[in-house]
Structures are given as C-alpha cells and as structure tokens.
Amino acid sequence: MTVRTRIAPSPTGDPHVGTAYVALVNYCFAKKHGGQFLLRIEDTDRARSTSESERAILDSLHWLGLSWDEGPDVGGPHGPYRQSERGAIYREHIQMLLDAGHAFKCFCTPERLEEMRVAQRAAAQPPRYDGLCLTYDREEIARREAAGEPYVVRMRVPGEGVCVVEDLRRGAIEFEWKTVDMQVLMKSDGMPTYHLANVVDDHLMEITHVIRGEEWVSSAPKHILLYRYFGWEMPKLMHLPLLRNPDKSKLSKRKNPTSILFYQRMGYLPEALLNFLGLLTVNSADGNEIMDLHELIGRFEFEHISLGGPVFDVPKLNWLNGRYIREMLDVPSFIKRVEAWAGDEAKLANILTLAQARIERLSDLGSLIAFFFQGRVSVRADELRDGKLDDENLRKAFQLSLWEIDGLRDWNVSSVEGALKRVADALGKKFRDVARPFYLAVTGSPTSVPLYDAMAIIGRDIVRERLRVALDTLGGASNKEQNAWKSLIAGAGERAEALS
RNA sequence: GGCGCCAUCGUCUAUCGGUUAGGACAUCGCCCUUUCAAGGCGGAAAGACGGGUUCGAUUCCCGUUGGCGCUACCA
C-alpha cells in the first residue's frame, strides 16, 4: 500500500508557521516511504474562508520549497481538492448515515443547547448533547421539517463503553464514549462540519496516515466512529505537538508573529525557516544542524518528534538564517536574494514616489526610507507618550488598531486609512490628533512619509508586529482592558480573537 | 468545571535501567582582530515533586504539581 498523507489547511487567515510544520512532517513522512503528499483546502466555514488566504497559503508553502502531488492548484485523480466544491459528496454521505440510523436531525435552538451546557457544567458533567431530538418519531421530524424549522445533523454516539485511539507516537489513548459529544456533522446551512468532511475526504482521497496537530486528539473518537459507521478502514493517526510562544502558551500572533509572510518580509531565507522547523523532526545529536529538505526526508523518523510542545525559538532561527546567508550563498546568489527581497521595482517606485517631495538632496533618502527595509523599529515609551493621549488611551489606540488591521479583508491605502480612522473615532478624536504615536510606532519617527501609504507598502505582518511592539513598550493591554475595549470596535474584537 | 495530552540545562534536544547526563541556540570569559560581526577555545547551566518496581532509575508504574489542548452549526 502506498503511503498517502495530506495537509488540510483552512483558508481563514494568514499562512501559519504551524501549518508549515505539520505540512513538512507529512511531506517528509510520505516521501521517506515513497508515497504521495496531498494538499486539500478545508473551506467549509463560508463566513471566514477567503480565496486570498488560500492563495497565500499555497504560495507560502511553495516558497518554503514544499510541493504536493495532488491539490487544488495541480489537480489529481481524487478532486476537487477544495471542500466547498464537494457539497454533493458530503450530502450523499450524510444521507447514508441518516438512512442507517447513525445520524439524526436535530432541531434544538442554540439557546437550548447553551442552557443545557451551562447546566452540565454546573453539575460537573461532560458537555454532551442530551439526545432530545433522538426521541422524536418519524411524524414529529416530518412535521418540523415541513414547518421549515432549521436543523442540523448530528452523529449518534454510544452512551457507554470505551473508545481506544491508537496514536502512532502516543500509543493507546482511551476515551469513555459518554464524554464524547454527539457532534454536528452538517450545519443548518447545509455545509458539512470539519469532522464529516475530513473523514469522508481522507477516505475518498485514500489517505493512509493522518498526521495533524495535537488539538485534534480529543475529537479522534468521533472520527473513528465515523469510519466505523461507513465501514471504512481507519487510517493511522499521529498527533503532533503544538508550537509555542516563549511563555509556553500556544503560538499566537498576540504574542509572536505567526505568519509565514512575516518571516518572508523579515528577510528569513526559506531554506533556513524550513530547516528550523525540520530540526523538530529529526535527530541532530551529531551536531550537524544544517539540513536541506532532501536530508530532512532521509533522516526523518516519527520517533524523533518530541511530544512536548516546542517553543518557536526565534534566536535559534536567527542563527540558522545567518549561517545560510553567510555559508550557503556565494556573493552572486546573495545579491540575487537581496534583489528578490528588496528590489521589487513596483514597491521601490511606490516608496520613492512618497519620498521625492520630502527631500532636498538624494542623500536624505537613506534615513527617510530606511524603515521600509527594517523589521522592527525601536521606539521608547517616553517618545510614544509625548502626545495628546493619556497612557490608557494610548494603549487603547494601539490595541484597537491591532484588532482593526486584523479584521481587514483587503490591505491597501484606503482600507488602512479606514481602519485608523475608526480607531480615532472610537477614541473620540480626529486621526491627526492621534497620528504621532502611530507614526513613531510604524516608521520610527514622528515625521515621515504619509502613514497610510507607508503601511500599505510595508505590509500587514510587519505593521502588526511594530504596533504590537509599541503596545508592549507601553506595558501591553491586560485581559480586563481588552474585554472592556472590544466593544469599541464593531465586530473586530471577536474577529481578532477568532483569528488568533 | 469535564475529558485528554505532555514533563532532561533559559530554549531545541541526545539518552531507549548502569553515562563525569552529550550536542546546538542563547548567555558569560578568553583568543583572533583597525571597529563590529564571523570564527576558535573555555565556563556556567538540567532529569518538577512524592511514592513504588529493581541489585540499580532521567529512563518502567502510580500519585501530586505544573504546562498545554479540546470542551461551537470554527477548523
């Protein structure tokens, strides 16, 4: 049997380094065993999925040097590879479960479900659907359906017994069935949830090894049950640890840049970033830590993956990147890399257009536009404070701006302008009265080229990081403050939270 | 709260019952050097805690503690 693995990202935000890590492991495992590696887009969440995000994920993984044998961009015999295009397949499978009595229609309102969960929690019970709609007879269901009541389809789950999840790396993990919820398989909008789509697709795409993040361990019993209901052979499972912030919490952009785009913009070489992630998958006890993809594949053994969540250690990445820059590139190829990174003609033209009106000598250019080519800019707290906002409002301004820019669909001069104006509105100010700290945070200087244009050119990832650093410089925003401030930005708080 | 996963230097890790617990990053010192890097050499730095099992536990088992995840009509 040929080994087939996959990466199944959800296009709901920036391409995450964690996705790259999981993709790398899947890729190495498949190639090590002469198998295939697939890419499938899990875009069943219609509200949050975007084609820009999908594009960015594909581009980022390609940039890192990864490729796939089948996927939405390259096709393949098991397509389509985008879940939003597989609706008929899921409906057919949902019907099979319904017909066999393995799933049922549930008409319960969100309010009832919420009350039920609150009660269960208060009673120290595991949260689990109580089965009300399971008691309805044929007529009752038909009546409600005819009346146009919205419903979801849930899977039936045994009330007793134990489910054993076999994990390649962790061994047997036991769950009592009564702690496993009767998961929604089809939402009221007719789209499948992750659990159904994932199982159906993995089977139809002949995936033999499901290698995914640790956050899926607790839903593995649901997946096992679905395979059983369908009478399909279960693929092997392996759950990878989650990448962490330096404080050991799950890697999140609130505390750390998580987007591959950020590392690209910062001038990390793709080989270095890939090598860095690869170090978490091989045994490098011999002291050699410089490895290309080919060597990573050769040395890959899943036994080498430690189960403790590894901190994404930027200093070590920096060291690796430095070694790649000075050891792995000769001067001509180094020059090429720099040109590719900084020499984008359109970008340079934009920058120079902004600068032209503001210089007297060409030599003024260096200090005026240096911030376009920097990563973080350093600003002191007292410089930021020297404005028209008190300390709390200053921190609020930065926090709100972070939420706003994360909530933007498009990144361009006018969308950025809109975001910052909304922040000023929320503070009850005109933007020009709060502009100074933003200029300082983003450009490193209180006077510079036009801010919105500059931000549009610098890119969302670097801008977010500079704003985040400015906020941290002022002491950050406490959870309490964040909760209090969220309501000031319509919808952006929740959005940012969900995307974090 | 419920369920689950995890636990070696600050960080990434080696060790698959017996080691002076090894390497790498970061850090400190020295050397090299017109500066700064880079490079070379050296130092400091770890088995969370408590019980077992065993002739012997970092390693196996149990408990505690801690970290993390899940707990949605998000993935």
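These values consider heavy atoms only, across backbone and side chains, with no hydrogens, waters or symmetry-generated copies. Residue numbering restarts at 1 for every chain, and letters A, B, ... go by the order of the sequence lines.
- For A:H209 and A:F29, the ring centers are positioned less than 6.0 Å apart.
- Among the protein residues, A:S219 comes within range of no part of the nucleic acid, since none of its heavy atoms lies under 4.0 Å from any strand.
- Of the nucleotides present, none pairs with B:A72 by Watson-Crick or G-U wobble criteria with both distances under 3.5 Å.
- Within the 4.0 Å cut-off from OP1 or OP2 of B:C74, at least one side-chain nitrogen or oxygen of A:K187 is found.
- Taking only side-chain atoms of A:T193, from C-beta outward, the nucleotide of B:C3, B:C68, B:C74 with the closest atom is B:C74.
- A donor and an acceptor atom, one from each side chain of A:D461 and A:S259, are located under 3.5 Å apart.
- Within the shown strands, nothing qualifies as a pairing partner of B:C32 under the Watson-Crick or G-U definition with both distances less than 3.5 Å.
- When each of A:R170, A:R212, A:R169, A:E214 is paired with A:H239, the side chain to side chain donor-acceptor pair (under 3.5 Å) condition holds for A:R212 and for no other.
- For A:W177 and B:C3, the CH2 to P distance is 17 Å, given to the nearest whole Å.
- Cation-pi geometry between A:R154 and A:F104 is not met: the NZ or CZ atom fails to fall both under 6.0 Å from the ring centre and inside 45° of the normal.
- The side chain of A:A124 approaches B:G2 more closely than any other nucleotide in the set B:G2, B:A26, B:G69.
- In summary, the side chains of A:Y81 and A:D73 do not present any donor paired with an acceptor at a separation below 3.5 Å, with no hydrogens or angles considered.
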### Task
Take nucleotides 6-15 of chain B nucleotide by nucleotide from the 5' end and write B, S or -, depending on whether a protein heavy atom sits under 4.0 Å from the base, only from the sugar-phosphate, or from neither.
S----SSSS-
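- The closest side-chain donor-acceptor pair between A:Y268 and A:N318 falls under 3.5 angstrom.
- Annotation: B:C30 and B:C9 have their P atoms spaced 29 Å apart (nearest Å).
- Within the 4.5 Å cutoff, the side chain of A:L240 has no heavy atoms near those of the A:L280 side chain.
- Nucleotide B:A46 forms a pair with no other nucleotide shown, judged by Watson-Crick or G-U wobble geometry with both contacts under 3.5 Å.
- Note on A:F175: only backbone sugar-phosphate atoms sit closer than 4.0 angstrom, heavy atoms only; bases stay farther off.
- Between the side chains of A:D201 and A:Q83, at least one donor N or O sits under 3.5 Å from an acceptor N or O.
- Searching all strands for a Watson-Crick or G-U wobble partner of B:A26 with both distances below 3.5 Å returns nothing.
- Contacts of A:P127 with the nucleic acid, taken as non-hydrogen atoms under 4.0 Å apart, include base atoms.
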### Query
Between A:F312 and A:F276, does a ring pair (Phe, Tyr, Trp, His ring centres under 6.0 Å) hold up when you go through it step by step?
CA-CA 9 Å; A:F312 191 89; A:F276 174 71; 5.0 Å; yes
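- Between A:Q120 and A:V184, the residue whose closest nucleotide on RNA chain B is further toward the 5' end is A:Q120.
- To the nearest whole angstrom, the two P atoms, one in B:U35 and one in B:C16, are 47 Å apart.
- B:U20 and B:U58 have their C1' atoms separated by 16 Å, with the value rounded to a whole Å.
- Comparing the same atom, P, in B:A57 and in B:A21 gives a spacing of 15 Å after rounding to whole Å.
- Both distances falling under 3.5 Å, in either a Watson-Crick or a G-U wobble arrangement, occur for no nucleotide opposite B:A38.
- When rounded to the nearest whole Å, the span between CG of A:L185 and P of B:C74 equals 12 Å.
- The separation between A:D181 atom CG and B:A75 atom P is 15 Å, rounded to whole Å.
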#### Entry: Contact letters for nucleotides 29-41 of chain B, in which S counts primed atoms plus P, OP1 and OP2 and B counts the base, heavy atoms under 4.0 Å
---------SS--
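- Counting non-hydrogen atoms under 4.0 angstrom, A:E176 reaches nothing in the nucleic acid.
- Contact check, A:R117 against B:A72: a side-chain N or O comes under 4.0 Å of OP1 or OP2.
- Note on A:K105 versus A:E145: salt bridge recorded, some NZ/NE/NH1/NH2 to OD/OE distance being below 4.0 Å.
- As judged by a 4.0 angstrom heavy-atom cut-off over every strand, A:R128 is placed among residues making no nucleic acid contact.
- B:U13 and B:U59 have their C1' atoms separated by 16 Å, with the value rounded to a whole Å.
- Judged by Watson-Crick or G-U wobble contacts below 3.5 Å, the nucleotide B:U65 has B:A7 as its partner.
- The nucleotide B:G18 finds its pairing partner in B:C55, both defining distances of the Watson-Crick or G-U wobble pair being shorter than 3.5 Å.
- Without hydrogens or angle criteria, A:S249 side chain to A:N245 main chain gives no donor-acceptor distance under 3.5 Å.
- The residue A:R46 sits apart from the nucleic acid: no heavy atom pair falls under 4.0 Å.
- Nucleotides B:A37 and B:G4 place their C1' atoms 48 Å apart, quoted to the nearest Å.
- Rounded to whole Å, the C1' atom of B:C12 lies 11 Å from the corresponding atom of B:A26.
- No side-chain heavy atom of A:R117 sits less than 4.5 Å from a side-chain heavy atom of A:R128.
- A donor and an acceptor atom sit less than 3.5 Å apart, one in the side chain of A:S188 and one in the base of B:C73.
- Taking atom P on both B:G23 and B:A45, the two are 14 Å apart, rounded to the nearest angstrom.
- The side chain of A:V152 approaches B:C73 more closely than any other nucleotide in the set B:C73, B:A75, B:C74.
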